[in-house]
Amino acid sequence: LAKTTQPISMDSYEGQEVNITCSHNNIATNDYITWYQQFPSQGPRFIIQGYKTKVTNEVASLFIPADRKSSTLSLPRVSLSDTAVYYCLVAQWGYSSASKIIFGSGTRLSIRP
Amino acid sequence: EAGVAQSPRYKIIEKRQSVAFWCNPISGHATLYWYQQILGQGPKLLIQFQNNGVVDDSQLPKDRFSAERLKGVDSTLKIQPAKLEDSAVYLCASSLAGGDDYEQYFGPGTRLTVT
């Protein structure tokens with residue numbers, strides 16, 4: 001099963017772009033890369049998912065190089081409310097089969113005024 | 001849309017006692033997951049249900065943990081007997097099936113303390 005490695009913590013300032021990189025060297029062909037955000041005393045919340053190249057939604061972008069051994073979550077113009085733990089995970093999503101979900105250890109992002 | 005409901009929110013028990021957690025997923029979500037999250041770590045998947053069938057319980061300590069999902073809706077997770085290392089937050093999540101499972105919706109979790 002693919003294991004993910006992330007920086008333990010990162011600091012940034014309001015209005016800046018933040019990039020969090022995740023390493024998943026043993027990623028399998030059927031694995032997708034997904035990112036979740038978690039605030040204290042809450043369950044994780046879905047941010048974005050991708051398989052390869054670049055994916056963008058209203059809150060973030062996800063960059064995945066051709067070898068798929070890493071991925072980068074990009075948060076544009078962060079605010080204080082983006083202070084949270086961000087998890088990278090790989091999983092094989094599908095119907096009636098095990099998703100084989102592996103969460104990383106998370107990156108604690110702190111945003112300062 | 002109502003979210004994933006879990007109860008109780010907090011539970012304190014002594015080691016060797018038993019405990020049960022309840023989860024009510026979002027209506028229409030066929031896939032249900034139970035996770036264990038130890039303080040400072042990422043969630044660890046314990047079991048995944050598709051409707052009322054188990055599709056993955058490879059990381060469930062089956063000598064003490066059990067889970068069921070009757071009628072493909074609510075689910076319960078039980079620990080018997082509990083150990084000190086079971087102290088954690090137990091998260092329930094649900095998602096649509098058919099390849100859209102990646103967007104899981106998590107409940108608030110149950111914080112278990114074993115003394």
Side-chain angles (χ1 to χ4, degrees), chain A residues 1-9 20 22-24 30-51 55 57-60 62 64 71 73 84-109, chain B residues 1 3-7 9-10 21 23-26 29-60 72 88-111:
Chain A
L1 295 177
K3 179 180 177 180
T4 62
T5 303
Q6 307 173 232
I8 294 174
S9 63
I20 307 175
C22 179
S23 172
H24 27 80
N30 294 334
D31 283 335
Y32 286 76
I33 300 147
T34 314
W35 286 79
Y36 279 79
Q37 175 193 55
Q38 187 174 29
F39 297 111
S41 301
Q42 294 185 24
R45 184 176 69 174
F46 172 82
I47 301 174
I48 197 167
Q49 166 174 289
Y51 184 79
V55 180
N57 62 22
E58 62 275 10
V59 298
L62 178 61
I64 305 169
S71 59
L73 174 71
V85 178
Y86 291 81
Y87 291 100
C88 162
L89 67 131
V90 294
Q92 299 181 7
W93 309 107
Y95 184 76
S96 297
S97 61
S99 298
K100 301 180 182 178
I101 301 165
I102 303 289
F103 270 82
S105 54
T107 297
R108 186 172 301 277
L109 176 64
Chain B
E1 171 179 86
V4 176
Q6 290 189 247
S7 67
R9 291 295 312 276
Y10 305 91
F21 312 126
C23 173
N24 181 237
I26 292 173
H29 281 193
T31 311
L32 186 147
Y33 313 81
W34 282 102
Y35 290 87
Q36 178 192 59
Q37 186 171 26
I38 294 172
L39 186 64
Q41 299 182 18
K44 172 187 172 184
L45 179 66
L46 295 176
I47 189 166
Q48 176 186 354
F49 291 94
Q50 185 72 28
N51 296 307
N52 61 347
V54 175
V55 294
D56 185 5
D57 62 358
S58 58
Q59 298 196 86
L60 186 73
V89 175
Y90 289 85
L91 295 162
C92 178
S94 70
S95 65
L96 293 168
D100 291 328
D101 289 8
Y102 58 84
E103 188 161 1
Q104 299 177 70
Y105 294 81
F106 282 81
T110 296
R111 182 176 299 277

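Numbers restart at 1 for each chain; the letters A, B, ... are given by sequence-line order, proteins then strands. Being a predicted model, the structure only gives us computed values, none of them experimental.
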Colleague: Out of curiosity, Gln48(B) CD to Ile101(A) CD1, how far, rounded to the nearest 0.5 Å?
Modeller: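 The CD atom of Gln48(B) sits 5.5 Å away from the CD1 atom of Ile101(A).
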Colleague: Is chain A contacted by the side chain of Gln6(B), its backbone, both, or neither, given a heavy-atom distance below 4.5 Å?
Modeller: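 Neither part.
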Colleague: Roughly how far, to the nearest 0.5 Å, is the CZ atom of Phe106(B) from the OH atom of Tyr36(A)?
Modeller: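 Taking OH in Tyr36(A) and CZ in Phe106(B), the distance rounds to 5.5 Å.
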Colleague: Indicate the atoms forming the closest heavy-atom contact of Pro44(A) with Leu91(B), along with that distance.
Modeller: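 Taking every non-hydrogen atom into account, CD-CD1, 3.9 Å.
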Colleague: Using non-hydrogen atoms and a 4.5 Å limit, figure out which bit of Ser105(A) sits close to chain B: side chain, backbone, both or neither.
Modeller: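 Looking at Ser105(A), just its backbone touches chain B.
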Colleague: Can you tell me how far the CD atom of Gln59(B) sits from the CD1 atom of Ile102(A), to the nearest 0.5 Å?
Modeller: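 The distance works out to 5.5 Å.
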Colleague: Where does Tyr87(A) contact chain B at under 4.5 Å (heavy atoms): side chain, backbone, both or neither?
Modeller: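 Tyr87(A) touches chain B through side-chain heavy atoms alone.
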Colleague: What part of Phe49(B) lies closer than 4.5 angstrom to a heavy atom of chain A: side chain, backbone, both or neither?
Modeller: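 Phe49(B) has no heavy atom closer than 4.5 Å to chain A.
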Colleague: Just verifying a value: how many Å separate Arg45(A) CZ and Gln104(B) CD, rounded to the nearest 0.5 Å?
Modeller: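 Those atoms lie 15.0 Å apart.
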